[in-house]
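What you are looking at is a predicted structure, and each value in this text was computed from that prediction instead of being measured.
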Amino acid sequence: MVSAALYKTAFLSRFHEHSFRKPLLPLDSKTRRTSQSSRKRPTLEKNRAMPFSSSATNQDSNGGEEEAALHSFKLNEQTFLASLMPKKEIRADRFVEDHPEYDGRGVVIAIFDSGVDPAAAGLQVTSDGKPKILEVIDCTGSGDIDISKVVKVDGDGCIVGVSGRQLTVNPSWKNPSGEWHVGCKLVYELFTDTLTSRLKKERKKKWDEKNQEAIAEALRHLNEFDQKHVKVEDTSLKRIHEDLKNRVDLLRKEADSYDDKGPVIDAVVWNDGELWRVALDTQCLEDDSASGKLADFIPLTNYRIERKYGIFSKLDACSFVTNVYDEGNILSIVTDCSPHGTHVAGIAAAFHPKEPLLNGVAPGAQLISCKIGDSRLGSMETGTGLTRALISAVEHKCDLINMSYGEPTLLPNYGRFVDLVNEAVHKHRLIFVSSAGNNGPALSTVGAPGGTTSSIIGIGAYVSPSMAAGAHCVVEPPSEGLEYTWSSRGPTIDGDLGVCVSAPGGAVAPVPTWTLQRRMLMNGTSMSSPSACGGVALLISGMKAEGISVSPYIVREALENTTISVGAGLPEDKLSTGQGLIQVDKAFEYLRQSRDTPRVCYEITINQAGKSNPASRGIYLRDASACLQISEWTVQIDPRFHEGANNLEQLVPFEECVKLQSSEKAVVKAPEFVLLTHNGRSFNVIVDPTNLSDGLHYYELYGIECKAPWRGPVFRVPITITKPLAVKEQIPLIKFLGMSFLPGHIERRFISVPLGASWVEATMKTSGFDTSRRFFVDVVQISPLKRPMKWESVATFSSPSTKNFFFNVENGRTIELAIAQFWSSGIGSHEATLVDFEIEFHGIKTNKEELLLDGSDAPERITAEALLSSEKLVPSAILKKIRVPYPAIESKLFALPTDRDKLFSGKQILALTLTYKFKLDDGANVKPYFPLLNNRVYDTIFESQFYMISDPNKRVHALGDVYPKSSKLPKGEYTLQLCIRHDNVQYLEKMKQLVLFIEKKLEDLIRLSCFAQPDGAVMGNSSFKSSVLIPGELEAFYVAPPSKDKLPKSCPPGSILVGEISYGKPSVAIEKGKQTSYQISYVVPPIKVDEAKTKDLSSYCKKSVSERLQEEVRDAKIKFLGSLKQGTVEELKQWKDLCVSLKSEYPKYTPLLAKILECLLSQSAGDDKFFYHEQVIHAANEVIDSIDKDELAKYFSLKSDPEDDEAEKIKKKMETTREQLIEALYRKGLALAEIGASKDETPAAEDRPEQHDLFEENFKELKRWVDVKSSKCSLLLVAHERRSKRLGTALKVLNDMIQDDAETPKKQLYDLKLSLLEEIGWKHLVSYEKQWMHVRFPPSLPLF
């Protein structure tokens, strides 16, 4: 399966990379897909009967009439409103009319989604007046705030928040302990991208107004100066003019670089003696400075206790709830990460007393909202979110779970989450309903977990004529209902049906208040799942009311055996629709009749005769070899009771005589009867596909209980056969001519890829239509232990024309070509579209597809041949990326708090945090890479993984989980922390040595050379460029490793250079980089460092051994002085004593004095800053006084001879001395500036000498030795300009310093900038910079 999003929001494109794990939602015809109609039946299928509800159960006599009513209708206001929230299609409306009190009452549904807004329309109360939403939790941790910091109220009744703001506490709030837990959060981290974008626009508009006022004021001052001083010649006036101009320029540049990171809200948590209470200070969000104050906030507590929510501000209109965990140390602020979850909840259970036609399917049901979409990842689900959601659903004793999320999977019905779901279903009797996916119309496109997990009811998406006319507003609706084109199809890769049943896949339902609307149209299996879930809620409501035992086993059986078929009712339609469209009223009658039926599910395990692996859940014959021979299969049926079933009363007595029926005995042969007991039974099945025509064939072997045939099938064994066409012509070309399409029609062709083929060049030609047509063209290929390979395209034809396509294939395996006209494309035209589709196979077979160069200098020999037709061999190998390995420097294994992380089995979840360090010499886009863990959410044994990349300031620059993304990081040092969760300590212990790879794109691509001889790289000749491969002839060439001089600078041994190698060139025009290519890797070997070309100067030394020894001892003492710690009083005393001793031993020795100054600067200023700066001035003066400045100046006024070694030594020494002088003058100047700034605050300051003249005198001296505008002295220049009241120039210099500094941002510089902005009076910039301070210098790392 390709990386296009399986489950998409209504605004995602069809080819968005790695955006699976989004809500299951296509963008109607412009992006994803919709339906399947009939195709010609092979001869053998004419008399097949499949067990839909009509053939297996009693059917209401009015069923046919009602089905016909769905197909012939006219819209009026009532039917239009009803079409917006479809219920008639599944007969939910009829059921509630007949049973008004069975409308979901007594049923609790857990919504695993992006979060549900408790303020949304229809989600306040149930139909019987109970609270609609019982709980709202963020299972991902994306809204968590560390509130472990505890403060006390001061004498004024105030506390200091983590943001630094002074917060007034409401005196009426009870807090017996007097302890206030505080934390803060950038509010945009709680908002969706859509909401953030809206707020940014509105905030930018207001900020621009304030900035324009400041610009106008600055221009006024500049103009006034120009009018007063027509001709400026005085240096002082020139500087004033420059300062005024700088102010204008600064304000304009700030407008250009404006980047709103959002306000910071303070959070305060306390215990009132009974409950944890929460208050937020949202004043920064309000226009009115009197609003949003902490003291005015109405305290909240955990939502489940009081069921209250808050609104951040009128501007955002975003509601939130709060939950406190870990004894008051973690606050979770819960917001939704997209409208999707609220929409889903509305379909399932919204209640509108004044608009009953817009009610959800089960308006009497109650909900808990389990947010599994992580706001930090857009809305992607995480393993942590999924696990916590299951824990919560069991804890709240939910009856149902709806999950409209998912993605492609490597292994169906496998993984940590699947294991937990199985426990929830089998032990706790939860009924789990989930979307099948939006990746159709090709087969085997169902996603995990909904379409691939046996214990989950996977739902396909259906559209009725009334939905098309009303919700979708099409001009002419289809004559009958059909599956949406984009709805994912089965079977799973292990043969299971994939889609269980179908339900309406679109609705106009409630959305969060921050969208500034009440309802919105969305469509997808995301919508069909809650529709089915709501239908099941009606069933459970009735079962509870009538005392019928509720079990997911019998409910699923009832759903599957009472459906109505969709479309023509062909057997293979089940791969699209499942057993059909659910019918709630019929399912309930079935459940009534099944009151005394054992609550059993039938687990099916199938093995091909003679093979123990792999086991499957169905029979899926896809490749040519399997379709050309008779095969024998062993089917094991294991009845499964719920955990805790009574051995003597339930397990021992269980015995069923089951009649096995094949939907086509000529193809599928099995015994006629089997006796099932609790321990299960196996039997053999013979499948004979040899006489089948090419194409798709679907059969079922199903079991009917002899004593209760009214139940219909108690189990089904799905058999899918896709008999492929073989390429028989000498030219590997297949043509499908004259295919006729109407809206929603799908044509499937199965082709066996010939040996030697690696890519396809295809042509699609359309004709015979007038209005624009939109087609989905999919190609799917399946390989063992690999996600299905999927290529897809949306082809729009505004007029009859031709389009070319290119896609890769694996030789020897079957591909499915699925061409579908979108269900609503061409509606109203009544003209069929004629399509001719040509497929031409190409390929070059090599002895090595993926190539590994081991780091040696030897080239790799490649042999190539063309098996199909002549091909041009054009080898091209390019290394594009580097992956540098890093070991973990620290690992920490610990148990998580019990609040959210204790499994329903009683096991405590553990977390392993691994810490890595890496450094970037230049800014780069980097991608963290963990090969063992990446790219698997559901099909992995690990519960979850999450990483954060932070700088030394604790600013998080990037975060992610199983699908790491490239992030732009500036030059500097970084820490990556990876958190892995599981309850098995042994699994986590094995992860402690996990290697991190940091992947970067190479600035200069490395093109590898190919040669016709093994020594070509050494000799520099025999280059291999291209050749023509003739079938039957073998050709060889060599790929040489890169030369060492081409390797990137930061390329440590063990790094891997990764790129692509291709062998052929497509004949059709394709996108750049889309040809068939394979991975090529190069392992960087140990590289010998070139010896420095230095001369041995020892022979020129004229000093005696004794003199040289004394110098070595002196230098060692100075080095030792620099290594001493000065943290404690005793250490500082020892350091000072050594300074005095060394100064007496080596008086006026400049390197010693410079080292003392350096050590002094590394110390903290402490409380007595004046004394500290005086010490710095004294130390700097000692350095300055130790240097003969006249001699130094004289030396640099003369030129030295670069050829004279002795002269070079003297030059180096004099340059070092000059640098020491500059550093001393610079540090002295900064200390003088600090003393001047704090003069008014210092006691008895009038008794001290005036510092201004000393500062200017020092500054003047410094200018003799260095350009004070250079980066090394910029900070002193800022101080000089500030002292001169030229704040505009000071800010300009400071901004230049910040921009030129490629290292990690220094808080000192930004604090200085803030103080300059405050002094100049630009309040809007002060507020802006304070917000950025929380981004650049957060108080702590965020929680995982």
Side-chain angles (χ1 to χ4, degrees), residues 214-254 1173 1177 1180-1181 1184 1189-1190 1192-1194 1196-1197 1218-1219 1221-1240 1249-1301 1309 1312-1313 1315-1322 1325:
I215 290 175
E217 180 70 10
L219 280 171
R220 184 176 64 81
H221 289 303
L222 179 60
N223 292 333
E224 288 177 354
F225 181 89
D226 289 340
Q227 291 173 6
K228 187 176 180 180
H229 307 281
V230 180
K231 191 174 182 181
V232 179
E233 295 181 353
D234 181 71
T235 303
S236 177
L237 289 177
K238 284 182 179 179
R239 289 177 178 170
I240 294 173
H241 183 270
E242 182 186 10
D243 177 68
L244 294 172
K245 191 173 181 300
N246 283 335
R247 296 187 184 209
V248 176
D249 292 341
L250 281 166
L251 289 167
R252 287 173 174 166
K253 287 180 180 179
E254 288 290 341
H1173 294 308
I1177 292 170
N1181 282 335
I1184 296 166
K1189 292 184 282 296
D1190 292 336
L1192 192 64
K1194 182 179 178 181
F1196 282 107
S1197 66
R1218 181 175 61 180
E1219 290 302 315
L1221 174 62
I1222 291 170
E1223 178 69 7
L1225 289 168
Y1226 173 67
R1227 295 297 176 181
K1228 178 182 176 181
L1230 290 179
L1232 288 168
E1234 289 293 334
I1235 290 175
S1238 60
K1239 180 180 176 182
D1240 295 336
E1250 180 60 49
Q1251 299 291 330
H1252 183 77
D1253 292 340
L1254 291 176
F1255 178 87
E1256 291 297 331
E1257 187 180 305
N1258 183 80
F1259 190 77
K1260 186 177 180 181
E1261 178 65 21
L1262 179 62
K1263 287 168 67 176
R1264 287 181 58 204
W1265 302 99
V1266 68
D1267 180 5
V1268 292
K1269 293 182 181 179
S1270 66
S1271 58
K1272 65 173 67 176
C1273 296
S1274 295
L1275 203 56
L1276 190 60
L1277 181 58
V1278 172
H1280 179 265
E1281 294 301 309
R1282 186 177 194 177
R1283 291 167 66 89
S1284 303
K1285 301 301 180 183
R1286 295 191 289 270
L1287 302 180
T1289 304
L1291 266 173
K1292 180 184 183 302
V1293 174
L1294 183 59
N1295 278 345
D1296 291 342
M1297 278 184 69
I1298 291 171
Q1299 291 172 7
D1300 294 341
D1301 189 1
L1309 300 183
L1312 179 56
K1313 183 176 181 179
S1315 66
L1316 286 171
L1317 290 171
E1318 288 173 343
E1319 190 172 343
I1320 210 169
W1322 290 337
L1325 286 181

Ion pair [X]/[Y], N-O distance below 4.0 Å:
X     : Y     : result
R1264 : E1261 : yes
E224  : K228  : no
R1282 : E1319 : yes
E254  : K1313 : yes
E1219 : K1272 : yes
D1190 : K1194 : no
K238  : D234  : no
E217  : R220  : yes
K253  : D249  : no

Find the distance between [atom1] ([X]) and [atom2] ([Y]) and round it off to the nearest 0.5 Å.
X     : Y     : atom1 : atom2 : result
I1298 : S1274 : CD1   : OG    : 11.0 Å
I1222 : R1227 : CD1   : CZ    : 13.0 Å
L1262 : Y1226 : CG    : OH    : 9.5 Å
S1284 : R239  : OG    : CZ    : 7.5 Å
L1230 : I1235 : CG    : CD1   : 11.5 Å
E242  : L237  : CD    : CG    : 13.0 Å

For atom NZ of K1189, decide whether the heavy atoms of other residues, nucleotides or ligands shown that lie under 6.0 angstrom number more than 12.
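Count over threshold, so yes.
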Is there a side chain to side chain contact (heavy atoms under 4.5 Å, CB included) between L1275 and V1293? Walk through the geometry before answering.
CA-CA 8 Å; L1275 203 56; V1293 174; over 6 Å; no
Do H241 and D226 have a side chain donor and acceptor closer than 3.5 Å?
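Checked: H241/D226 side chains pair up, N/O donor to acceptor below 3.5 Å.
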Please verify the inter-ring angle class for F225 with H229; under 30° counts as parallel, over 60° as perpendicular, anything in between as tilted.
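Tilted, since the angle between the ring planes falls between 30° and 60°.
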Give a yes or no answer on whether the side chain of [X] reaches the backbone of [Y] with a donor-acceptor pair at less than 3.5 Å.
X     : Y     : answer
D243  : L1287 : yes
N1258 : L1225 : yes
S1270 : V1266 : no

Which heavy atom in [X] sits nearest to a heavy atom in [Y], and how many Å separate them?
X     : Y     : answer
A218  : V248  : CB-CG2, 3.7 Å
L1276 : G1229 : CD1-C, 3.3 Å
L219  : R252  : CD1-NH2, 4.0 Å
I1184 : K1228 : CD1-CD, 4.1 Å
A1233 : F1255 : CB-CE1, 3.8 Å

Among L1316, T1289, L1309, which residue satisfies the side chain to side chain contact (heavy atoms under 4.5 Å, CB included) criterion with V1278?
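The side chain to side chain contact (heavy atoms under 4.5 Å, CB included) with V1278 is passed solely by L1316 among L1316, T1289, L1309.
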Taking the side chain as everything from C-beta on, heavy atoms only, tell me whether H1280 gets closer than 4.5 Å to E1256.
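Of all side-chain heavy-atom pairs linking E1256 with H1280, at least one is under 4.5 Å.
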